[in-house]
S.K.: 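One structure coming up, written as structure tokens, with questions to follow.
Quick note: residue numbers are just sequence positions, from 1. Note that this is a predicted model, so its numbers are computed, not measured. FYI, side chains are in, hydrogens and waters are out, and symmetry mates aren't considered; it's all heavy atoms of this structure.
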Amino acid sequence: MANPVIERLIGIEGCPVVTAENVDEFLALDGMVVLFFTGDPRQRPESNDVAVVLREMSSVFPGQIRVGIVDQAAEKSLKPRFGVLVVPTLVYLRQGKFVGLIPRIQDWQVYIEKTRGFLAAA
């Protein structure tokens with residue numbers, strides 16, 4: 001990935017890198033999981049903004065969401081499976097079942113309201 005903002009999510013925040021080989025294992029985790037499709041941050045600088053939002057969301061929703069960073073090499077094969085049309089996109093799943101997604105960069109309140117709604121969904 002070689003992007004400092006996204007590398008921080010992996011290294012400091014402990015977000016795993018999700019590949020085509022380990023995606024099902026990640027999706028089997030308890031609770032809400034979020035797949036972060038970053039795209040190439042050199043071409044999509046808004047991916048850095050979404051990475052910062054994810055760091056902040058961990059303090060708003062402590063222990064309620066687990067974020068996985070989709071490996072760029074796996075994005076092309078995983079996008080269709082999760083309905084991702086643009087990057088960056090956050091895909092929310094519970095027990096492997098699609099709950100919702102948030103494409104592109106949004107206002108902070110959109111992330112809070114949608115995440116709250118996704119967490120409340122059965």
S.K.: Is the number of heavy atoms from other residues, nucleotides or ligands within 6.0 Å of CD (Glu25) greater than 12?
M.R.: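 No - once you tally the heavy atoms of other residues, nucleotides and ligands closer than 6.0 Å, there are 12 at most.
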
S.K.: What heavy-atom pair brings Gln64 and Val60 nearest, and what distance separates the two atoms?
M.R.: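 Heavy-atom minimum between the residues: NE2-O, 4.4 Å.
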
S.K.: Kindly say whether Gly39 contributes a backbone atom to a donor-acceptor pair with the side chain of Glu75 at under 3.5 angstrom?
M.R.: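 A pair under 3.5 Å: yes.
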
S.K.: CE of Met57 to CD1 of Ile112: how many Å apart, nearest 0.5 Å?
M.R.: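 Reported value, rounded in 0.5 Å steps: 6.0 Å.
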
S.K.: To the nearest 0.5 angstrom, please state how far the OH atom of Tyr92 sits from the CG atom of Leu119.
M.R.: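 It is 8.0 Å, given to the nearest 0.5 Å.
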
S.K.: Looking at Asp49, Leu90, Val5, which one forms a side chain to side chain contact (heavy atoms under 4.5 Å, CB included) with Leu54?
M.R.: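 Passing option: Leu90.
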
S.K.: Identify the two heavy atoms, one from Leu29 and one from Arg66, that lie closest to each other, and give their separation to 0.1 Å.
M.R.: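 Leu29 and Arg66 have their closest heavy atoms at CD1-CD, 3.8 Å.
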
S.K.: Quick one: does Asp71's side chain have a donor or acceptor within less than 3.5 Å of a partner on Ala73's backbone?
M.R.: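 Yes: the side chain of Asp71 pairs with the backbone of Ala73.
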
S.K.: Using modelled atom types and a 3.5 Å cut-off, is there a donor and acceptor pairing between side-chain atoms of Asp40 and backbone atoms of Gln72?
M.R.: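 Such a contact is absent between Asp40 side chain and Gln72 backbone.
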
S.K.: Say you draw a straight line from CG of Leu101 to NZ of Lys114; how long is it, rounded to the nearest 0.5 Å?
M.R.: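 The distance works out to 7.5 Å.
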
S.K.: Under a 3.5 Å distance rule, please check whether Ser47 uses its side chain to pair with a backbone N or O of Thr38 as donor and acceptor.
M.R.: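 Yes, the answer is positive, given that a donor and an acceptor are paired below the 3.5 Å cut-off.
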
S.K.: Of Val70, Val87, Thr89, Leu85, which meets side chain to side chain contact (heavy atoms under 4.5 Å, CB included) against Lys79?
M.R.: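 The passing option is Val87.
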
S.K.: Give a yes or no on this: more than 12 heavy atoms of other residues, nucleotides or ligands lie within 6.0 Å of atom CZ of Arg104.
M.R.: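 Count not over threshold, so no.
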
S.K.: Answer yes or no: is there a donor N or O on one side and an acceptor on the other, between the side chain of Arg8 and the main chain of Val52, under 3.5 Å?
M.R.: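 Judged by distance alone, no pair lies under 3.5 Å.
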
